[in-house]
Amino acid sequence: MNQILLQQTLPEVFAARDPLPSDIWQQDVIFSKGERHLIEAASGTGKSSLCSYLYGYRNDYRGIIRFDDTDIRSFSTADWVATRQRTLSILFQDLRIFPELTALENVQLKNRLTRYKTEEEILALFGALGITDKAHTPAGKISFGQQQRVAFIRSLCQPFDFILLDEPISHLDDENGQIMAEILLAEATTQNAGILVTSIGKNLPLDYTYIWKL
């Protein structure tokens, strides 16, 4: 996939409201592979909804979303499975971590499906992000910021043309945010992938190609 296109897209819940100024909603927008996009938003303006639309978890929107020339409303379940395994990765704001599994098991659960990274590569990411000592701890017993780093590592355990990160550093200090940004940029550069980051104030420190106001 080379492009994500939004054509006059708007969450259904906003349709009855007076239109708000936005660079995204009810606009024609193109996100291209290899670019880095920051989507800044106030709370309640639909940033998590946008990520869910792009990932195919929700379709309660007006307008059109296309992956290249294909309207994603036409995707079958099999199409979405293939897209999420090889084309599109995501770090959800709510992380979707299994609390009863260890931090490492949460990552391995995905990597067993994709076989994208070796265990040595995964453990190296744990080390770079300062959570090696948490690898074998149940995820429900580590802090939210540590869980964010686990979910981030999991999101890298697949090939992707685009990666979506919904408030990825909301509970991280500046040092760990910088480390995450460096790891993400290296991975995206290797894959020539596009990066879409949402934020309500604390921004992942990247040199963005475009900054949008949702």
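Remark: the backbone N or O of F98 is paired with a side-chain donor or acceptor of N106 at under 3.5 angstrom. The backbone N or O of R66 sits nowhere less than 3.5 Å from a side-chain atom of T70 that would complete a donor-acceptor pair.
Interatomic distance, CG of D68 versus CG of N2, reported as 5.0 Å (0.5 Å rounding). Distance check, rounded to the nearest 0.5 Å: CD1 of I153 to CD1 of I183 gives 7.0 Å. Taking CD of Q108 as the reference point, atom SG of C157 lies at 9.0 Å (rounded to 0.5 Å). Annotation: the span from D28 atom CG to L6 atom CG amounts to 9.0 Å, rounded to 0.5 Å.
The shortest side-chain heavy-atom distance between I169 and M180 falls under the 4.5 Å cut-off. Between I163 and L156 the shortest side-chain heavy-atom distance falls below 4.5 Å.
Residues forming a side-chain hydrogen bond (donor to acceptor under 3.5 Å, both in side chains) with N192 (at least two apart in sequence, or on another chain): none.
Side chain to side chain, K33 and Q3 fail the donor-acceptor criterion of an N or O pair below 3.5 Å. Using a 3.5 Å distance cut-off with no hydrogens or angles, the side chains of S49 and R58 do pair a donor with an acceptor. Side-chain contact check for Q93 and E167: at least one donor-acceptor pair (N or O, by modelled atom type) lies under 3.5 Å.
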| said: Run the ring-ring contact (aromatic ring centres under 6.0 Å, His included) test on Y57 and F92 for me, step by step, so that the C-alpha distance in whole Å, both residues' side-chain angles and the decisive distance to 0.1 Å come before the verdict. | reply: CA-CA 11 Å; Y57 270 27; F92 289 102; 5.3 Å; yes
Output, in order, the C-alpha distance, side-chain angles, deciding distance and verdict of side-chain hydrogen bond (donor to acceptor under 3.5 Å, both in side chains) for T190 and E187.
CA-CA 5 Å; T190 297; E187 187 76 31; 6.0 Å; no
Worked check of side chain to side chain contact (heavy atoms under 4.5 Å, CB included) between T137 and T102
CA-CA 5 Å; T137 301; T102 68; over 6 Å; no
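For the pairing with V29, the side-chain contact (heavy atoms from CB on, under 4.5 Å) check across L5, I39, I24 returns one residue only, I24.
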Solution key, residues 81-88 side-chain donor-acceptor pairs under 3.5 Å, sequence neighbours excluded:
from, atom 1, to, atom 2, distance (Å)
T83, OG1, D79, O, 2.9
R84, NE, Y55, O, 3.0
R84, NH2, Y55, O, 2.9
R84, NH2, G56, O, 3.3

Indicate every side-chain donor-acceptor pair of residues 204-214 with a distance under 3.5 Å to a residue at least two apart or in another chain.
from, atom 1, to, atom 2, distance (Å)
Y208, OH, L204, O, 2.6
T209, OG1, R36, N, 3.0
W212, NE1, H37, ND1, 2.9
K213, NZ, E40, OE1, 2.2

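Few gaps surround CG on D94; more than 12 heavy atoms of other groups in view lie less than 6.0 Å from it.
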